[in-house]
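Counting begins at 1 with the first residue of the sequence.
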Amino acid sequence: MSDLIHCITNPISMMMCANAILSLGARPIMAEHPLEVSEITETAGALLINLGNISDTRMEAMKISFSKALEKVFPVVIDAVGVACSELRRSFILSLISSTPRSDKQILLIKGNYSEIIALLNPDYKGNGVDAGSEVTKDMATEHAIMLSRKLDAIVLASGATDIITDGEKTYLVNNGNPQLGKITGTGCMLGAICATFFAGVKDRGGALFAAVRACEHMGIAGELAYEAVSSINAGKVGSGSFYTALFDEISLLDDKTISERRKVEKL
C-alpha cells in the first residue's frame with residue numbers, strides 16, 4: 001500500500017497539495033480536527049504542517065500531530081508560510097519546534113521562501129505579504145538557511161528562483177523551474193507536499209537531504225515542461241489555467257531519465 005501523507009494545510013491550496021501527492025502515487029489525508037489528528041497522524045508515513053491561512057483550530061491540531069510524529073519518529077515538513085509578515089506565525093513555529101524533545105533520528109524539514117527563512121532567524125526582519133522580498137538575494141538566503149539549519153537542527157529549504165537546500169554542513173542549489181510557477185497560487189505549498197511525499201520511508205538525515213533536492217528538481221522540471229508544452233500549443237502564449245493543468249500532467253508523468261537530463265543542481 002502506498003504511503004499516507006497527513007497534511008494540515010490551508011484551504012487555499014488544499015486540493016492542489018492533495019493532487020500533487022496523488023500524482024506521485026501516495027495517498028493524502030487532510031485532517032485538521034484536533035480530536036482526530038493524533039489517531040490519523042499515527043498511521044501516516046510523513047506529516048506536512050503548513051502555516052498558510054492559520055486558525056486556532058489548525059494551530060491546535062498542528063501541536064498534537066507534531067508531538068505524535070516526534071513520538072513515532074517519522075518525517076515532518078513544516079512550511080513556514082507568512083512568518084515574515086506575521087509575528088503570530090513566527091512565534092508559533094519557533095515555539096512548536098522547541099517545545100518537544102526530538103530524537104537524534106528525527107527528520108525535520110523547515111521550508112519557506114527566502115524572506116520567510118530570514119525572518120525565522122532575524123526577528124527584526126519584516127516582509128510584505130507571503131511573497132519573498134525583492135531585496136533578498138540568493139547569497140543572503142543561502143547564508144541564513146545554513147545558519148537556521150544549525151540553530152534548529154533541521155534541514156532547511158529556502159525556495160525561490162534557485163531553491164536552496166541545506167543540513168547546515170552540505171548545501172545544494174537547484175536551478176530548475178519557470179517563472180510561471182509564481183503566477184498561480186499554491187505552487188509553494190505543493191512543493192512542501194512533494195517534499196513530505198518523498199520523505200516517507202526515509203530513515204536518516206542524509207537520505208532526507210537528497211529527498212528534498214529530488215523534490216525541488218521534480219517540481220522545477222515539471223514547471224519547465226508544463227510551460228514548454230502549453231507554449232508549443234498556443235503559439236508561445238501561456239495562460240495560467242492551461243499551465244495549471246499541464247503542471248499536474250508533468251508532475252505525474254515525470255520520469256528519472258528526464259530528470260537526469262534536465263537537472264540543474266550545484267553543490268556548495
Practice task
Answer yes if I97 and M59 sit in the same cluster of Ile, Leu, Val, Met, Phe, Trp and Tyr residues linked by side chain heavy atoms under 4.5 Å apart, and no otherwise.
Solution key: yes

- With distance as the sole test, does N234 use its side chain to make a donor-acceptor pair with the main-chain N or O of G236 at under 3.5 Å? no

Side chains of I110 and L120: closer than 4.5 Å at any heavy-atom pair?
-> yes

Looking at the rings of Y114 and H144, which for Trp means the six-membered one, are their centres under 6.0 Å apart?
-> no

Between the CD1 atom in I194 and the NZ atom in K111, the distance rounded to the nearest 0.5 Å is 10.0 Å

Query raised in the report: Is L88 reachable from I78 through a run of I, L, V, M, F, W or Y residues, each pair having side-chain heavy atoms under 4.5 Å apart?
Result: yes

Contacts of E71 meeting salt bridge (Lys or Arg N to Asp or Glu O under 4.0 Å) (sequence neighbours excluded), chain-then-number -> K68

Flag side-chain contact, heavy atom, 4.5 Å: F66 against V76: yes

**Asked** When you measure from the side chain of T187 to the backbone N and O of L181, does any donor-acceptor pair fall under 3.5 Å?
**Response** yes

In short, side-chain hydrogen bond (donor to acceptor under 3.5 Å, both in side chains) pairs touching residues 204-216 with sequence neighbours left out are D153-R205

key: S91 side chain to E87 backbone, donor-acceptor under 3.5 Å   = yes

inquiry  = Hydrophobic clusters here meaning ILVMFWY residues chained together by side-chain heavy-atom distances under 4.5 Å, can you tell me if F198 and L209 are in one?
reply    = yes

Closest non-hydrogen contact found for C195 with A215 is SG-CB, 3.7 Å

One should read off an interatomic distance between D79 CG and L191 CG, to the nearest 0.5 angstrom, of 8.0 Å

Closest heavy-atom pair, I118 versus M140, reported as atoms and distance to 0.1 Å, is CD1-CE, 4.3 Å

Exercise for the section: Report the C-alpha separation of K267 and T171 in whole Å, then their side-chain angles, then the decisive distance to 0.1 Å, and conclude whether the side chain to side chain contact (heavy atoms under 4.5 Å, CB included) test is met. Expected result: CA-CA 6 Å; K267 183 179 179 182; T171 302; over 6 Å; no

_Assigning hydrophobic clusters by single linkage (Ile, Leu, Val, Met, Phe, Trp, Tyr; side-chain heavy-atom cutoff under 4.5 Å), is I146 placed with I117?_
no

**Message:** Can a donor-acceptor pair be found, under 3.5 Å and without considering hydrogens, that links the side chain of E32 to the backbone of R58?
**Reply:** no

Tightest non-hydrogen contact, residues A31 and I8, listed as O-CG1, 3.6 Å

In terms of heavy-atom contacts, L51 and R89 come closest through O-NH1, 3.3 Å

CG (L47) and CG (L4) are apart, to the nearest 0.5 Å, by 10.5 Å

Is a salt bridge present between E228 and R262, judged by a nitrogen-to-oxygen distance below 4.0 Å? yes

Tell me, do N10 and C189 make a side-chain contact under 4.5 Å, heavy atoms counted? yes

Margin query: For a 4.5 angstrom cut-off between non-hydrogen side-chain atoms, does V37 reach I40?
Written below: no

Can M219 be reached from V77 by stepping across I, L, V, M, F, W or Y side chains whose heavy atoms are under 4.5 Å apart?
yes

| message | Atom CZ of residue position F92 - does it have more than 12 heavy atoms of other residues, nucleotides or ligands inside 6.0 Å? | response | yes

Original post:
Taking it one step at a time, do M16 and N19 satisfy side chain to side chain contact (heavy atoms under 4.5 Å, CB included)?
Top reply: CA-CA 5 Å; M16 296 178 71; N19 282 332; 5.9 Å; no

Donor-acceptor under 3.5 Å (S232 side chain, A229 main chain): yes

Step-by-step side chain to side chain contact (heavy atoms under 4.5 Å, CB included) determination, T57 to H33:
CA-CA 7 Å; T57 297; H33 197 291; 5.8 Å; no

Quick one: do L24 and I251 satisfy side chain to side chain contact (heavy atoms under 4.5 Å, CB included)? Show the steps, please.
CA-CA 7 Å; L24 296 170; I251 290 172; 4.1 Å; yes

Between N176 and K264 the two heavy atoms that sit nearest each other are OD1-N, 2.9 Å

Rounding to 0.5 Å, atoms OG1 (T166) and CZ (R150) come to a distance of 7.0 Å

**Asked** Among side-chain atoms of T258 and D255, is any donor-acceptor pair under 3.5 angstrom?
**Response** yes

### Task
Taking the side chain as every heavy atom from C-beta outward, state whether H6 and E42 have any pair of such atoms under 4.5 Å apart.
no

Sub-4.5 Å side-chain heavy-atom contact between S149 and E169: no

Per-pair distances, 0.1 Å, donor-acceptor, side chain in residues 240-250, under 3.5 Å, sequence neighbours excluded:
unit_1, atom_1, unit_2, atom_2, d
S242, OG, G239, O, 3.2
T245, OG1, G241, O, 3.4

Value for CG (L96) from CG (L70), rounded to nearest 0.5 Å, stands at 8.0 Å

Taking side chain as C-beta onward, heavy atoms only, is H218 less than 4.5 Å from L254?
yes

d(T185 OG1, M190 CE) to nearest 0.5 Å is 11.0 Å

Point to revise | N/O donor-acceptor pair under 3.5 Å between T142 side chain and K138 backbone | key: yes

Do F74 and T41 touch side chain to side chain, with heavy atoms closer than 4.5 Å? yes

Of L109, I107, L48, the one forming a side chain to side chain contact (heavy atoms under 4.5 Å, CB included) with P75 is I107

What one should report as the nearest heavy-atom pair of A84 and A119 is CA-CB, 3.6 Å

